[in-house]
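As a basis for the values below, the full set of heavy atoms in this structure was taken, side chains included, without hydrogen atoms, waters or symmetry mates. Chain letters run A, B, ... following the sequence lines, proteins first and then strands; every chain starts at 1.
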2 protein chains.
Amino acid sequence: MAAGKKSAAVRRRRGNRRELLLEAAARRFLYEGYAAASMRDIAADAGMQAGSIYYHFPSKADLLAAVHDEGMRRISDAVLESLEGPKDPWQRLEAACIAHLEFLLEGNIVVQALMQEMPTGSSPIRTRVTRLRDDYEGIFIRLLEDLKLPRGVDLHSLRLMLLGAMNWSFTWYRPGAETPRRIARKFVKYLRISLQAS
Amino acid sequence: MAAGKKSAAVRRRRGNRRELLLEAAARRFLYEGYAAASMRDIAADAGMQAGSIYYHFPSKADLLAAVHDEGMRRISDAVLESLEGPKDPWQRLEAACIAHLEFLLEGNIVVQALMQEMPTGSSPIRTRVTRLRDDYEGIFIRLLEDLKLPRGVDLHSLRLMLLGAMNWSFTWYRPGAETPRRIARKFVKYLRISLQAS
DNA sequence: GTCTATAGCAAGATAGAC
DNA sequence: GTCTATCTTGCTATAGAC
């Protein structure tokens, strides 16, 4: 076997272990909160001992940061991918909202972990979260701009209202009732009626 | 002095100390999260030693529960009071939303502390928070029913959308820009245009 | 009611064997 | 890369003086 092949296999295995840790950490952070989640429990969920985590991440705070980065990356990718098909501006907005809600409500645990740490207070992590979130929400600003809405419509408030309604659904959504897709469509429909009437 | 008078004074003083502790705890819970906030810091903020808290509250969990009860009581009272004036259903909804957002965004820290503990996971506190919140949001269900909206409008989703947009504003609101009153009016206006057009 | 002192425990992180 | 063992620190809660 060539050295290149072996190196690729090692890299894949390493990635798996790291990803396993990320998922375990995300689950614990989500269900117990960052401070209450212990490195021992996270390690156990990933099938290793507490000390072994520190080979992959230098500290608990770095583990949280990695979860945030990965979560934002995944939902951003999903939303951007949903925009490759539709051309009509309203359909594009709807597609983005469906992707956003599907990933948030029934998607990966890493994405859901983003919701646990509310950007309150003034911790160092807050700055990071806020910046990442602003970048992501820029996607929606551009989608709203493309709608060519009548003057006087406040795109800023509009984005906050739409994304706020969607993000808050994380607190009340339970599987089995309405699907994320139906919720997203309903929210966009309400907005659409509203803004086309004005 | 009669015994009754002295007893009233004692009760008032006790209430002050207890309330001081509630505010201090709410501030720490809000800015650091429940698990990360220490009884030592809470006590110091209230001007006492850690051990002294346990004269007023039997445990840290009970302190959190007391903060939640008090916060829900305050915002419920404020919203119900805002409904005493207006008679028109839409004006009543707007008044309630203004009261909700003013208390949430610039009101008491005890109310704001309600936002920190997201109802994720399955902790015992989650059940309590969810029940208290459901009771409170019942006020808005009744306000929406009074609007006599056309059939086919889903009051359930409507309440979730409106309250979601408002509650999420807690994550982005910064004093100095738009006032809570203006934000509330904008959200209600959007809904109103939407629903009257359908 | 509040204090001091401390028991009892669990956490994050490190060191070195393998 | 992962393990075991452990250091150090900080926490909640209690006991008893005042």
Side-chain angles (χ1 to χ4, degrees), chain A residues 3 6-68 113 116-117 121 123-125, chain B residues 3 6-67 116-117 121 123-125:
Chain A
K6 188 186 171 193
S7 156
V10 166
R11 212 179 308 120
R12 191 160 51 246
R13 187 187 303 270
R14 180 185 298 159
N16 286 344
R17 301 296 283 162
R18 198 189 130 99
E19 190 160 329
L20 215 60
L21 268 175
L22 276 183
E23 306 257 343
R27 180 167 289 108
R28 290 282 174 178
F29 290 161
L30 174 60
Y31 284 95
E32 303 172 7
Y34 171 72
S38 78
M39 297 294 264
R40 282 170 174 80
D41 287 342
I42 293 170
D45 290 351
M48 58 175 70
Q49 297 295 319
S52 306
I53 297 182
Y54 293 86
Y55 173 80
H56 302 275
F57 301 95
S59 73
K60 189 183 181 185
D62 284 274
L63 184 49
L64 174 62
V67 168
H68 273 116
Q116 174 65 21
E117 292 287 316
S123 56
I125 196 71
Chain B
K6 188 187 172 192
S7 156
V10 167
R11 212 179 309 122
R12 191 161 50 247
R13 186 186 305 269
R14 179 184 300 160
N16 285 345
R17 300 297 281 163
R18 198 190 130 98
E19 189 159 330
L20 214 59
L21 269 176
L22 276 184
E23 306 257 342
R27 180 167 289 106
R28 289 282 175 178
F29 289 162
L30 174 60
Y31 284 94
E32 302 172 8
Y34 170 71
S38 78
M39 298 293 265
R40 281 173 175 80
D41 288 342
I42 293 169
D45 290 351
M48 57 176 72
Q49 298 296 318
S52 307
I53 297 182
Y54 293 86
Y55 173 80
H56 301 276
F57 301 96
S59 74
K60 189 184 180 185
D62 285 274
L63 184 49
L64 175 61
V67 168
Q116 173 64 22
E117 292 288 317
S123 58
I125 195 72

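- D:dT2 atom C1' lies 12 Å from atom CD1 of A:I53, rounded to whole Å.
- The distance between atom CG of B:D62 and atom P of D:dT12, rounded to the nearest whole Å, is 14 Å.
- Remark: P of D:dT14 and OH of B:Y55 are 16 Å apart, rounded to the nearest angstrom.
- The two atoms that bring A:M48 and A:H56 nearest to each other are CE-NE2, 4.4 Å, heavy atoms only.
- Partners of A:D45 by salt bridge (Lys or Arg N to Asp or Glu O under 4.0 Å), not counting sequence neighbours, listed by chain and number: A:R28.
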inquiry  = Treating primed atoms plus P, OP1 and OP2 as sugar-phosphate and everything else as base, which nucleotides of nucleotides 4-18 of chain C get B, S or - for protein heavy atoms under 4.0 Å?
reply    = B------BBBB----
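- A:L21 places none of its side-chain heavy atoms less than 4.5 Å from the side chain of A:Y55.
- For residues 49-64 of chain B, there are no salt bridge (charged side-chain N to carboxylate O under 4.0 Å, His left out) pairs, not counting sequence neighbours.
- Here CD of A:Q116 is found 9.0 Å from NE2 of A:H68. Values are rounded to the nearest 0.5 Å.
- Axis orientation changes by 10° from one end of the helix from C:dG1-D:dC18 to C:dC18-D:dG1 to the other, with each end axis drawn from 5 pairs and the value rounded to 10°.
- The separation between B:F57 atom CZ and C:dG1 atom P is 13 Å, rounded to whole Å.
- For the side-chain contact (heavy atoms from CB on, under 4.5 Å) test, residues two or more places apart in sequence or in another chain that qualify with A:A35 are B:A35, B:A36.
- Remark: A:Y54 engages A:M39 in a side-chain contact (heavy atoms from CB on, under 4.5 Å) (not counting sequence neighbours).
- Under the rule for a ring pair (Phe, Tyr, Trp, His ring centres under 6.0 Å), the partners of A:Y34 that lie at least two apart in sequence or sit in another chain are A:F29.
- When rounded to the nearest whole Å, the span between CD1 of B:I42 and P of C:dT2 equals 16 Å.
- C:dG1 atom P lies 13 Å from atom CG of B:L21, rounded to whole Å.
- In this model, the phosphate group of D:dG1 is not approached by any side-chain N or O of A:R18 to a distance below 4.0 Å at OP1 or OP2.
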